[in-house]
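Data block below; observations after.
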2 protein chains.
Amino acid sequence: MKHIAEPTVRRLTGYLRFLEAFDADGHETISSGELARAGGTTSAQVRKDLSFFGSFGKRGLGYGVKDLIASLREILGLDTRWPVVIVGAGKIGAALAQYRGFGTHGFDVVGIYDTDPARVGTHLSGVTVRADHDLEGDIAALAPRIAVLCVPGEAAQAALDRVVAAGIRAVLNFAPTSLVAPEGVTVRAVNMATELEVLAYALTNEARD
Amino acid sequence: MKHIAEPTVRRLTGYLRFLEAFDADGHETISSGELARAGGTTSAQVRKDLSFFGSFGKRGLGYGVKDLIASLREILGLDTRWPVVIVGAGKIGAALAQYRGFGTHGFDVVGIYDTDPARVGTHLSGVTVRADHDLEGDIAALAPRIAVLCVPGEAAQAALDRVVAAGIRAVLNFAPTSLVAPEGVTVRAVNMATELEVLAYALTNEARD
DNA sequence: AGTACCTTGTGAAGGATTTCACAAGTAGCC
DNA sequence: GGCTACTTGTGAAATCCTTCACAAGGTACT
């Protein structure tokens, strides 16, 4: 498969989310134009995005909602469940562990780790916080594919190095630090400070009229 | 000013964050190459990014760390403080209201709103949760420039419409829904589900070797 | 003052992504 | 069956973004 641009993948996830709601509303088919309006893009973009993976619609009719949902799930790799470990049981880590949307989207929290002895042993909706030195052994045993880093910025690079050494190849980083990862490891960052700063820039510089 | 690409702005925030740490370590100057390594890009990219806004370095020497921090703060609009309202005092909204990094990055939470009477009146590190019908009046009185939406997906579009009608032009959306906003309003989304799905895609399709 | 060595700033080239525009396919109706 | 109306899928064009490559400017040292 040719390499697909990240913005494309990101849009596909948006289409999927909208389609699920659209399906729940009882709609049978949808056109690229409707999908575009919901996803904040254009109909040509929608069709191009999908065309990288095949041909899913019927000319004159549009796309079958349920079919397209199934196709997108398969494309995105969501036709299977993904075990996830959370590193760091502070405010963010604890909130994530209890977030139910995790499970409903196909991701299972199989472990959460912290260095603070006061947190180890506490329960967060079904998962028990374990000591951080259990991390490597648990990764070997439970084979999670994704690690979510919820540690302070100073500790983030070290945490990344540990999970990568233990075999993890995909990381979601909540620490406000940019991390360097070896080839073959995908790291994505969720960073409120960055988003707020982009907004501040927009307000400062892109004032219209 | 010519329009600046969003990836550029995003990288600038990363440079700023790294420079602050680099400054705290006592460094006086930095080269585009060092900045590039920290930001996961190339030296040419760093120089090009900065060149859109002027010329900040000394040939042969690099950039003065403190000078560049000041320049970036000004470029990004962070040389002033930004009042922010949070809509929704559930788990995420409450966590954000208590998040201290908000303030240290130049953003002040001036109000937090919820529809649930059980939450109204509770205190979250210095800010009292107010009833959602106070939102419009408070926006008029306190003139926040940014709204952070922490409401459930179903309520997000309505919340956006309300803050936009009240005069807000920049919105950070934590709800897992893509929102449509009128021209001139910048909306950014923070969405863990999307990021996890991008990781699932990467693991599924971009396996190397 | 001259030489060696660095690093910036930037046009130009290259590559990637988005938009355009239209042929081709499908349904519905008379 | 023929006509109309609609929508997809996709090369080609246009736009946007990144990388290249090098002149120009600066320091340090002899």
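Throughout, a chain's letter reflects where its sequence line sits, starting with A, and its residues are numbered from 1. All values below come from the heavy atoms of this structure, side chains included, with hydrogens, waters and symmetry mates left out. Keep in mind it's a predicted model, so treat the numbers as computed, not measured.
Applying the ring-ring contact (aromatic ring centres under 6.0 Å, His included) test to every pair with at least one member in residues 23-44 of chain A, sequence neighbours left out, gives these pairs: A:Phe22-A:His27. For residues 74-103 of chain B, every residue pair satisfying the salt bridge (charged side-chain N to carboxylate O under 4.0 Å, His left out) rule, not counting sequence neighbours, is listed here: B:Arg81-B:Asp108. The list of side-chain hydrogen bond (donor to acceptor under 3.5 Å, both in side chains) pairs with a residue in residues 154-182 of chain A, not counting sequence neighbours, reads A:Asp132-A:Arg162, A:Glu136-A:Arg162, A:Gln157-A:Asp161. Residue pairs meeting the side-chain hydrogen bond (donor to acceptor under 3.5 Å, both in side chains) criterion with at least one partner in residues 35-45 of chain B, sequence neighbours excluded, are B:Ser43-B:Arg47, B:Gln45-B:Asp49.
The neighbour count for A:Glu28 CD, taken as heavy atoms of other residues, nucleotides or ligands under 6.0 Å away, does not exceed 12.
In 5' to 3' order, the nucleotides of DNA chain C bounding all contacts with chain B (an atom under 4.0 Å from a heavy atom) are C:dC6 to C:dA12.
Using a 4.0 Å cutoff on non-hydrogen atoms, no part of residues 5-18 of chain B comes near DNA chain C. DNA chain D lies under 4.0 Å from at least one heavy atom of each of the following residues of residues 26-43 of chain B: B:Thr42. A heavy-atom distance below 4.0 Å to DNA chain D is reached by these residues of residues 60-72 of chain A, ordered by number: A:Gly60, A:Leu61, A:Gly62, A:Tyr63.
Applying the salt bridge (charged side-chain N to carboxylate O under 4.0 Å, His left out) rule to A:Asp23 yields the partners A:Lys66; only residues at least two apart in sequence or on another chain are considered. Scanning for salt bridge (charged side-chain N to carboxylate O under 4.0 Å, His left out) contacts around B:Glu195 gives A:Arg10, A:Arg188, with sequence neighbours left out. Remark: B:Ala159 engages B:Val87, B:Leu149, B:Val151 in a side-chain contact (heavy atoms from CB on, under 4.5 Å) (not counting sequence neighbours). For A:Asp138, the side-chain contact (heavy atoms from CB on, under 4.5 Å) partners two or more places apart in sequence, or in a different chain, are A:Tyr113, A:Arg130, A:Asp134, A:Leu142.
The residue among B:Lys58 and A:Gln45 whose nearest nucleotide of DNA chain C lies closer to the 5′ end is B:Lys58.
What separates CZ of B:Phe56 from C1' of D:dG25 is a distance of 18 Å, to the nearest Å.
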